[in-house]
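Below, chain A is the first sequence line, B the second, and so on; all start at residue 1.
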2 protein chains.
Amino acid sequence: MQSPLPQRLKSARKLAKLTQEKLSNKLGFDDRSHGTARISQYETGKHAPDFAMAKKMADALGVPVAYLYCDEEKLADLILAASKLDENQLTMIIESISDL
Amino acid sequence: MQSPLPQRLKSARKLAKLTQEKLSNKLGFDDRSHGTARISQYETGKHAPDFAMAKKMADALGVPVAYLYCDEEKLADLILAASKLDENQLTMIIESISDL
DNA sequence: TCATTTTCTAAGGATTCCTTAATATACTTT
DNA sequence: AAAGTATATTAAGGAATCCTTAGAAAATGA
């Protein structure tokens with residue numbers, strides 16, 4: 001099983017209109033190369049970030065960290081959609097699923 | 001940021017009524033100790049599994065792999081509930097969120 | 001094309017993981 | 001309550017993976 005993180009990370013970054021360098025800066029990696037090399041390695045699947053790094057990148061990109069690890073497309077879509085809801089709305093959705 | 005995987009893995013395993021050894025067997029680790037030590041290390045947060053291993057454990061426990069990495073409780077609940085739906089039902093839920 | 005930006009890669013020191021063996025904790029039964 | 005059994009955890013070191021650095025390759029666009 002291949003990790004979905006590389007593709008999801010790359011597409012989320014593109015959607016946020018960030019270069020690897022800009023994302024690198026948002027993450028606190030100051031000068032060039034320090035961050036972009038790592039981000040590239042993550043996006044190409046050459047290496048995997050640990051959870052703390054995945055969380056930081058997800059926050060910087062405005063997606064739930066679980067989204068980066070989701071290997072089912074429809075479920076990934078749901079996670080993204082749900083991330084824009086507040087707690088009450090989420091509760092209502094969960095209840096409506098129980099009623100199916 | 002702490003990884004949610006240790007706690008989620010442990011609670012999912014308990015819910016499935018499996019010991020670390022039984023889960024270890026389901027994963028293909030044959031004799032004792034080979035698997036239980038690793039699973040214990042994952043559940044106590046001493047070490048983190050790579051994605052392939054996380055996916056295998058999630059499959060064995062009947063939860064989406066993204067659930068293991070979800071750090072928001074309500075979203076985690078939604079992921080679990082949604083995992084029992086078929087594609088059509090998922091599509092309908094996503095649409096109903098768009099309408100909010 | 002040329003200049004510039006953006007992304008990718010190789011190599012090695014640094015870090016983390018997996019295996020093994022043993023210990024510790026939690027149950028059960030007597 | 002102790003002994004026996006099942007379950008879970010830990011330490012240590014060899015094995016694997018990651019992070020840093022420097023540089024090269026692709027992509028962009030004037």
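One atom, CZ of R13(A), and another, C1' of dC8(C), lie 12 Å apart when rounded to the nearest Å. For the pair L18(B) CG and dA6(D) P, the interatomic distance rounds to 17 Å; values are reported in whole Å. Whole-Å rounding puts the F29(A) CZ to dT20(D) P distance at 6 Å. Taking atom NE2 of residue H47(B) and atom C1' of nucleotide dT20(C), one finds them 13 Å apart after rounding to whole Å. Straight-line distance from the CG atom of L23(A) to the P atom of dT5(C): 19 Å, rounded to whole Å. Straight-line distance from the CE atom of M53(A) to the P atom of dC18(D): 13 Å, rounded to whole Å. Taking atom CD1 of residue I39(B) and atom C1' of nucleotide dT7(D), one finds them 12 Å apart after rounding to whole Å. Atom P of nucleotide dC18(D) and atom CG of D50(A) are separated by 10 Å, given to the nearest angstrom.
Nearest nucleotide to the side chain of Q20(A), out of dT9(D), dT7(C), dC17(C): dT7(C). Looking at the side chain of R38(B), the nearest of the listed nucleotides dT9(D), dT6(C), dT19(C) is dT19(C). Side-chain atoms of Q41(B) lie closest to dT10(D) of the nucleotides dC17(C), dT10(D), dA22(D). Checked against dT9(C), dT17(D), dT20(C), the side chain of A37(B) finds its nearest nucleotide in dT20(C).
Taking the side chain as every heavy atom from C-beta outward, M92(A) and N88(A) never approach each other to under 4.5 Å.
A side chain to side chain contact (heavy atoms under 4.5 Å, CB included) with I93(B) is found for one member of I97(A), I94(A), D77(A) and no other, namely I97(A). A side chain to side chain contact (heavy atoms under 4.5 Å, CB included) with M1(B) holds for exactly one of M53(A), K55(A), K56(A); it is K55(A).
Judged purely by atom type and a 3.5 angstrom limit, R8(A) has no side-chain atom pairing as donor or acceptor with the backbone of Y69(A). In this structure, the side chain of E43(A) does not engage the main chain of S40(A) through any donor-acceptor pair within 3.5 Å.
Of the two residues contacting DNA chain D, namely K14(B) and P49(A), the nearest-nucleotide position lying further toward the 5' end is that of K14(B).
Between S40(B) and the phosphate of dT9(D), there is a side-chain N or O to OP1/OP2 separation shorter than 4.0 Å. Distances shown here put every side-chain N or O of K46(B) at or beyond 4.0 Å from the OP1 or OP2 atom of dT16(C). Within the structure, a side-chain polar atom (N or O) of Y42(A) is placed less than 4.0 Å from OP1 or OP2 of dC19(D). Close to dT7(C), at under 4.0 Å from its OP1 or OP2, lies no side-chain N or O of K22(A). For K17(B), no side-chain nitrogen or oxygen approaches OP1 or OP2 of dT7(D) to under 4.0 Å.
Backbone-only engagement by T19(A) is indicated by non-hydrogen atom pairs under 4.0 Å involving sugar-phosphate atoms exclusively.
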